[in-house]
Every structure is written in C-alpha cells, then in structure tokens.
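Note that the structure is a prediction, hence the values are computed from the model and not measured.
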Amino acid sequence: VLKAGSPAGFAPAQSVVRVDVREKMAALLARFEGREFAAAAAGLRELAEGIGQVSKTAQSQGAAASAIAGGVREMLAGAEQAFRAVLASHPGSCSTLINLSRSLVAQDRIAEAEAALESAARCAPAMPEVHDGLGRVYFRQERFELALDAFRRAHEIQPSPGARAA
C-alpha cells in the first residue's frame, strides 16, 4: 500500500509518505503464483508509480532544503556586508564587531570571527557579549581552557539570570 498525505499544519513539501512494500510485493507474488499475470503487471505498474512519487517527494524536499540553505547563505553574506559597511564609516563600533562575528560564525568562518571579537574586546572589555562570543569561538576551535576563561569573564561581568536566581 502506497499512501501520500499532508498532515494538518504541514506544507505539501513536508508531506509524509508511508510505503508498505512488503505487503504489496506479497500480494503481487500471490497473483503471479495464481497465474493472474495481467493483475500482477498492473500491480507492478502501480508499485512503480508509487515508488516514483516517493522519489519525487524526496527530491522536492531536498530541493527545498537546498533553496533554503542558499537563501540563508545569501542573508548571512548580506548581513556581513552591511556590518562591514558600518565598520568602514564607524571603525570603533563594538556592537557592530560583535554582530559581524556572529554572522561569520554562522558562515563557519571562525578565525575571522575571533579577530572581530578580539577587536571588540579592545574597545569594550566590559561587554559580556564580547567574552561570551569569544567563549563560543574558542569552543568551536576546541580551545576549551580559553573558552572556559572567556565564559567565566562574561559571567563575572554580568551573571546570567539563572545564576543570579540561584
């Protein structure tokens, strides 16, 4: 039995496809063994069409995921360009350096993000966001001692709400 449906709340590209090939194949084998060749051939065509639908659904979902990923890459590159434009006219903008580092981390350009955060640390050493960002960068680089030190520094500057409540 091949069924394709779109559960409530999901877009058609996210449709759920259920395939019970074993059951279908058992029925087809029974038809062949019973010499019901026309019925078996029709069943095989139906099965092939169902498998084709499953394949098309998987391909469309893959294409949709690729399109979304491409859109995200474009948005991150656009954000990076915007932050760099602000920095060109306001070189000491620490919050812009932090935002630039976030867009670079999202693009997996960790060394560049580290450089931006180190610049931000020079202009705003008391901003917890700088040290939190450095901790995240160091962690991604597997420089765990530096990451822990940076997270501790961020916490010293401004404890998280959960830590303050404890």
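- Distance NE2/His90 to OG/Ser95: 10.5 Å, rounded to 0.5 Å.
- Contact of the Ile157 side chain with the Met127 side chain is not registered, since no non-hydrogen atoms from C-beta on lie closer than 4.5 Å.
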Stepwise salt bridge (Lys or Arg N to Asp or Glu O under 4.0 Å) check, Asp132 with Arg136: CA-CA 6 Å; Asp132 183 70; Arg136 292 171 190 274; 2.8 Å; yes

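- No donor-acceptor contact under 3.5 angstrom links the side chains of Glu112 and Gln107, judged on distance only.
- Across all non-hydrogen atoms, the minimal contact from Ser101 to Ala116 is CB-CB, 4.1 Å.
- In this structure, the separation between CD on Glu118 and SG on Cys123 is 12.5 Å, given to the nearest 0.5 Å.
- Summarising the geometry, atom SG belonging to Cys94 is positioned 9.5 Å from atom CG belonging to Leu87; distances are rounded to the nearest 0.5 Å.
- Looking at heavy atoms from C-beta onward, Glu129 lies in side-chain contact with Arg102 at the 4.5 angstrom threshold.
- Aromatic pair Phe144/Tyr138: ring centres not closer than 6.0 Å.
- Taking CG of Leu117 as the start and CD1 of Ile98 as the end, the distance is 7.0 Å to the nearest 0.5 Å.
- No continuous path of hydrophobic side-chain contacts links Leu100 to Ile110 [ILVMFWY only; heavy atoms under 4.5 Å].
- Counting heavy atoms from C-beta outward, His131 and Glu156 have side chains that stay 4.5 Å or more apart.
- The side chain to side chain contact (heavy atoms under 4.5 Å, CB included) test with Pro128 is passed by exactly one of Arg153, His155, Gln158: Gln158.
- Dense packing is recorded around CZ of Phe151, with more than 12 heavy atoms of other residues, nucleotides or ligands lying under 6.0 Å away.
- Residue Leu146 is grouped with residue Leu134 when hydrophobic side chains (ILVMFWY) are merged at heavy-atom distances under 4.5 angstrom, including chains of intermediate members.
- The cluster map of Ile, Leu, Val, Met, Phe, Trp and Tyr, joined by side-chain heavy atoms under 4.5 Å apart, puts Val130 and Val105 in the same cluster.
- Side-chain contact between Arg143 and Val137 is absent, with no heavy atoms from C-beta onward closer than 4.5 Å.
- Ser103 contributes atom OG, which lies 10.0 Å from atom CD of Gln81 (distance to the nearest 0.5 angstrom).
- Note that the CG atom of Asn99 and the CD atom of Glu80 stand 12.5 Å from one another [nearest 0.5 Å].
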